[in-house]
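Each remark here refers to the structure printed beneath this line.
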Amino acid sequence: MGEESVLVTGGGSGMGQLASRQLANAGYNVAAVDVNEKGLLETAEGFQNIRTFQTDVTSYEDVLKVVAETEEKLGPIRKVYNAAAIMPLGKIEDQEADVFRRVMDINYTGVVNVTKATLPGLIERNEGEIINFASIAGWLPTIYMAAYDASKFAVVAFTEVLYHENLNNNIKVVCVCPPPVKTPLLQQARDTVWPKVFDQGDHIEAEDVLRCINDTLESGELFAFPGKQTKMVWRMRRWLPGMLWKNVHKSEGL
Ligand SMILES: NC(=O)c1ccc[n+]([C@@H]2O[C@H](COP(=O)([O-])OP(=O)(O)OC[C@H]3O[C@@H](n4cnc5c(N)ncnc54)[C@H](O)[C@@H]3O)[C@@H](O)[C@H]2O)c1
């Protein structure tokens with residue numbers, strides 16, 4: 001078992017689960033944080049160096065406790081993966097105001113809470129990595145996704161500032177912006193509204209995203225765009241937003 005630890009939110013499913021297991025295999029002590037108890041049990045199965053915390057990232061107090069316990073029992077935190085999120089979709093007129101609040105609270109404030117709770121330790125040791133999961137939805141808004149898109153735009157902005165504030169520290173910051181990935185998150189869209197634009201382009205694997213994060217950590221860049229077409233879509237959003245909206249309206253028939 002290594003002397004250093006990593007903290008992964010959303011560690012009970014999808015990319016957070018895979019990251020937890022990969023990092024445990026690499027010898028880190030892993031603190032896997034999630035509200036999903038069953039998922040956490042799955043994550044830790046067969047690993048003595050994964051400790052699970054059934055904790056809601058929206059509570060700063062609870063996050064502080066997890067960070068203190070991790071550093072005390074598992075070693076100083078070397079890497080932070082902020083992957084917890086939810087994605088209920090729907091037209092603005094159909095989604096409850098509470099859903100907007102909840103999405104922002106988990107997807108954005110959760111990232112802020114965990115970053116704030118871990119950053120002082122990383123700065124003190126002048127070493128570490130923070131990986132924040134945004135999405136291509138953090139650049140490219142689309143119909144039915146106002147709540148989720150806004151939360152991911154917020155993660156992009158927050159992480160860009162975090163990167164620049166720590167450029168002179170030995171702390172690497174990555175903002176990962178994947179296209180649709182084959183994980184349980186997509187089921188939340190199926191259970192609410194499935195945007196037709198999700199059927200355009202490939203859905204990538206969780207492994208592809210984690211590989212792209214590692215490449216980006218190596219290159220020292222801020223943004224990671226996994227998937228073959230993601231960077232092109234990002235460029236199109238910058239230069240031809242009207243064309244992308246035309247596509248959305250055409251495919252949704254709105
Ligand atoms: N799957 C995709 O298509 C996709 C695409 C782009 C970006 N992302 C982002 O990647 C990250 C990982 O997503 P995933 O696809 O692995 O999702 P996932 O649904 O498989 O896992 C997310 C986990 O977050 C947990 N979670 C939700 N609310 C929480 C809370 N309040 N506190 C703690 N944990 C909580 C869930 O229980 C779940 O286990 C997310 O930030 C997501 O927005 C996903």
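- A distance-only check finds a donor-acceptor pair linking the side chain of Asn49 to the backbone of Ala24 [under 3.5 Å].
- Geometrically, Arg238 engages Trp234 in a cation-pi contact defined by less than 6.0 Å to the ring centre and at most 45° from the axis.
- Checked by atom type and distance alone, the side chain of Glu129 never pairs as donor or acceptor with a backbone atom of Lys172 at under 3.5 Å.
- Formation of a donor-acceptor pair under 3.5 Å by the Asn113 side chain with backbone atoms of Val57 is found in this model.
- The distance from the OH atom of Tyr28 to the NZ atom of Lys79 is 4.0 Å, given to the nearest 0.5 Å.
- Between the side chain of Asp94 and the main chain of Gly90, no donor-acceptor pair closer than 3.5 Å is present.
- Taking the salt bridge (charged side-chain N to carboxylate O under 4.0 Å, His left out) definition, one finds that Asp98 meets it with Arg101, sequence neighbours left out.
- With a 4.5 Å cut-off on side-chain heavy atoms, Glu127 and Pro76 do not count as touching.
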Handout entry: side chain to side chain donor-acceptor pair (under 3.5 Å) between Gln187 and Asp191, worked out
Key = CA-CA 6 Å; Gln187 190 58 41; Asp191 292 343; 3.0 Å; yes
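- At least one donor-acceptor pair closer than 3.5 Å links the side chain of Lys152 to the backbone N or O of Phe133.
- In this structure, Val103 and Asp105 have side chains that are not in contact, with every pair of non-hydrogen atoms separated by 4.5 Å or more.
- Remark: Glu71 engages Arg125 in a salt bridge, criterion side-chain N to carboxylate O under 4.0 Å.
- The CD atom of Glu252 sits 9.0 Å away from atom CG of Asn247, with the distance rounded to the nearest 0.5 Å.
- Atom CD1 of Ile92 has 12 or fewer neighbouring heavy atoms from other residues, nucleotides or ligands inside a 6.0 Å radius.
- Between Ile50 atom CD1 and Asn25 atom CG the span is 8.0 Å, to the nearest 0.5 Å.
- Put simply, the side chain of Gln95 gets close to the backbone of Pro88: a donor and an acceptor are under 3.5 Å apart.
- A cation-pi arrangement is found for Arg190 relative to Trp194, the charged atom lying closer than 6.0 Å to the ring centre and inside a 45° cone about the ring normal.
- Taking 4.5 Å as the limit, every side-chain heavy atom of Pro195 sits out of range of all side-chain heavy atoms of Ile143.
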Exercise for the section: May I have the step-by-step check of side chain to side chain donor-acceptor pair (under 3.5 Å) for Asn132 and Asn82, ending in yes or no? Expected result: CA-CA 5 Å; Asn132 289 344; Asn82 274 311; 2.8 Å; yes
Exercise for the section: Apply the test salt bridge (charged side-chain N to carboxylate O under 4.0 Å, His left out) to residues Glu69 and Arg51: give CA-CA distance (whole Å), side-chain angles for both, the deciding distance (0.1 Å), then the verdict. Expected result: CA-CA 10 Å; Glu69 195 175 328; Arg51 194 186 180 100; 2.9 Å; yes
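- Ring planes of Trp139 and Phe223: perpendicular class, angle over 60° (limits at 30 and 60°).
- Shown here for Val181 and Glu205, the closest heavy-atom pair between the two residues is CG1-C, 3.7 Å.
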Problem - Test log, rule side chain to side chain donor-acceptor pair (under 3.5 Å), inputs Ser219 and Glu221 - result: CA-CA 6 Å; Ser219 72; Glu221 282 170 82; 3.0 Å; yes
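- Judged by distance alone, the side chain of Asp34 and the main-chain N or O of Gln54 form no donor-acceptor pair under 3.5 Å.
- Looking at Thr43, its side chain does come within 3.5 Å of a backbone N or O of Gly11 through a donor-acceptor pair.
- Considering only residues two or more places apart in sequence or on other chains, Asp62 meets the salt bridge (charged side-chain N to carboxylate O under 4.0 Å, His left out) condition with Lys65.
- Ser251 places a side-chain N or O within 3.5 Å of a backbone atom of Val248 that can act as its donor or acceptor partner.
- Looking only at side-chain heavy atoms (C-beta outward), Val174 and Leu222 stay at 4.5 Å or farther from each other.
- Partners of Asp208 according to the salt bridge (charged side-chain N to carboxylate O under 4.0 Å, His left out) rule, which considers only residues two or more places apart in sequence or in another chain, are Arg211.
- Counted within 6.0 Å of CD on Glu37, heavy atoms from surrounding residues, nucleotides or ligands total 12 or fewer; the atom is thus considered open.
- Shown here is Asn168, whose CG atom has no more than 12 heavy atoms of other residues, nucleotides or ligands within 6.0 Å.
- His203 contributes no side-chain N or O that, together with a main-chain N or O of Lys182, makes up a donor-acceptor pair within less than 3.5 Å.
- Atoms CG and CD1, on Asp56 and Ile106 in that order, are 6.0 Å from each other to the nearest 0.5 Å.
- Put simply, the side chain of Ile136 does not reach to within 4.5 Å of the side chain of Pro178, judged on heavy atoms.
- A 6.0 Å sphere centred on CD of Glu96 holds no more than 12 heavy atoms belonging to other residues, nucleotides or ligands.
- For Pro226 against Ile204, the heavy-atom pair with the smallest separation is CB-CD1, 3.8 Å.
- Side chains of Leu244 and Leu240 form no contact here, defined as non-hydrogen atoms less than 4.5 Å apart.
- Residues Leu7 and Tyr81 form no side-chain contact, since every pair of their non-hydrogen atoms from C-beta on lies 4.5 Å or further apart.
- Considering only heavy atoms from C-beta on, Ser5 stays 4.5 Å or farther from Val30 through its side chain.
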